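None of the values given here were measured: they were computed from a predicted structure. Just so you know, ligand 1 is whichever comes first in the structure, and atom 1 is the first atom listed for that ligand. Side chains included, hydrogens not; waters and symmetry mates left out as well; all remaining heavy atoms used.
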Amino acid sequence: MGNVKHFMDCWDYSNEELMDMAELIMQLKKDAKAGRCPKLLKDRSLAMIFNGNSTRTRVSFEVAATQLGAHALYLTGGEEGELHLGKRETIGDTATVVSSMVDGIAMRWRPTLEMEEFAKNCSVPFFNGMDHTRHPTQTLCDFVTILENLPEGKELKDVTLTFIGSTGVRETSANDLAKLLPRFGATVILSSPEGYVLGGEHDKNEQWMIDKNVNGRRQACAEGGGKVLEIQDPKEAVQNADYIYTGCFCYEGTESKSDFEIYERDFISKGYQVTKELLSLCPNVKTMHYLPALRGKEMTDYTMDYEGSLLWKQAENRLHTQRGLMAYLMGPLAPDFYAASKKESEARAKEKIREMREKYGTGYTHK
Ligand code: CP
């Protein structure tokens with residue numbers, strides 16, 4: 001697909017390029033906070049195709065597109081959706097048609113291979129808004145949030161992030177972070193009840209999905225010198241944590257009474273809940289959660305709202321992340337993108353993007 005770079009997985013991008021993306025995101029965030037939002041995607045269009053519920057991903061893509069001067073279309077797919085996609089038109093044909101009319105496509109679509117089929121047929125940048133195995137725009141956002149909130153005197157290589165909860169394939173953020181942070185030398189500790197680990201008795205996912213994560217973790221540690229450790233006891237797992245991260249107990253499809261009973265029995269009653277007591281074991285720790293969260297289930301009100309909670313900063317950063325990501329991958333494809341600008345913030349953003357495109361080209365920089 002020519003000079004088009006998709007954002008399917010953070011894995012596809014080198015450490016250096018991810019760090020530059022984070023810098024661009026932070027630069028545009030600073031400008032936006034000061035009331036300056038360069039129209040880097042003026043008159044462009046973004047299609048947003050979703051087959052599941054979303055608050056943060058949907059709102060952040062749409063608002064970021066509008067702030068950049070683009071128009072965003074929200075389209076629903078799947079059984080109840082308005083698009084023909086997957087029902088009376090092949091995935092590839094819909095991708096070909098939609099991408100001939102817009103300048104970028106963001107998609108939340110659970111089946112990973114269907115999403116890949118869609119992206120393969122896209123002639124414009126494609127953004128994975130979460131599939132069954134990955135949530136890269138959330139992971140890039142988390143990366144930025146961690147960089148912005150490093151403990152005093154520590155660099156990224158020095159930090160420890162402890163994830164509490166299920167860490168099977170479906171827990172995309174835990175798995176994405178375990179493949180990303182060790183590439184920068186950091187430590188990720190995964191603390192799950194017995195059987196709720198990658199490939200465990202309760203991880204009913206296909207073997208290739210499990211293997212991809214296992215191999216990714218291994219490669220990430222080998223490349224960056226970081227560590228991924230599994231420590232079952234949550235109290236032991238948080239001992240040296242700089243960040244305690246947790247995720248949704250319930251997501252779409254697992255919200256029945258019996259699901260809640262299982263969560264109560266296997267998680268909460270066994271200490272897999274982020275509580276004030278857990279935080280007392282690691283002073284100055286910050287809490288993270290990609291949200292939505294069930295208050296009183298995976299986290300208590302206190303740990304969601306206390307001064308060390310990064311939850312709301314993390315959620316807001318979804319907007320800043322989409323803005324930078326779309327500017328980087330969609331902007332340079334417009335013929336007049338690099339035209340001179342009298343506005344300082346716009347000129348600065350274009351210069352940063354030009355440097356990045358020259359450095360990294362249009363191919364993927366990490367294998
Ligand atoms: N974290 C996240 O992706 O939130 P939404 O499901 O609301 O988009």
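Ligand 1 has no nitrogen or oxygen under 3.5 angstrom from a nitrogen or oxygen of Pro292. Looking at ligand 1, you won't find any N or O of Arg58 less than 3.5 Å from one of its N or O atoms.
Atoms CG and CD, on Leu147 and Glu23 in that order, are 9.0 Å from each other to the nearest 0.5 Å.
The pair Glu116-Lys120 fails the salt-bridge criterion, with no side-chain N (NZ, NE, NH1 or NH2) lying under 4.0 Å from an Asp/Glu carboxylate O. Taking 4.0 Å as the cut-off between side-chain N and carboxylate O, Lys179 and Glu223 do not count as a salt-bridged pair. In summary, Asp131 and Arg110 do not engage in a salt bridge, as defined by a charged side-chain N under 4.0 Å from a carboxylate O.
Heavy-atom contacts of Gln138 reach the following atoms of ligand 1: 1 (N), 2 (C) (cutoff under 4.0 Å). Near Arg318, with a cut-off below 4.0 Å to any heavy atom, the atoms of ligand 1 are 1 (N), 2 (C), 3 (O).
Residue nearest to atom 3 (O) of ligand 1, selected from Arg56, Gln314, His135: His135 (by heavy-atom distance).
When non-hydrogen atoms are compared, ligand 1 lies under 4.0 Å from neither the backbone nor the side chain of Met130.
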Could you go through residues 232-241 and list every donor-acceptor pair under 3.5 Å that involves a side-chain atom there, pairing it with any protein atom two or more places apart or in another chain?
residue: Asp233; atom: OD1; partner: Lys235; partner atom: N; Å: 2.9
residue: Gln239; atom: NE2; partner: Lys235; partner atom: O; Å: 3.0

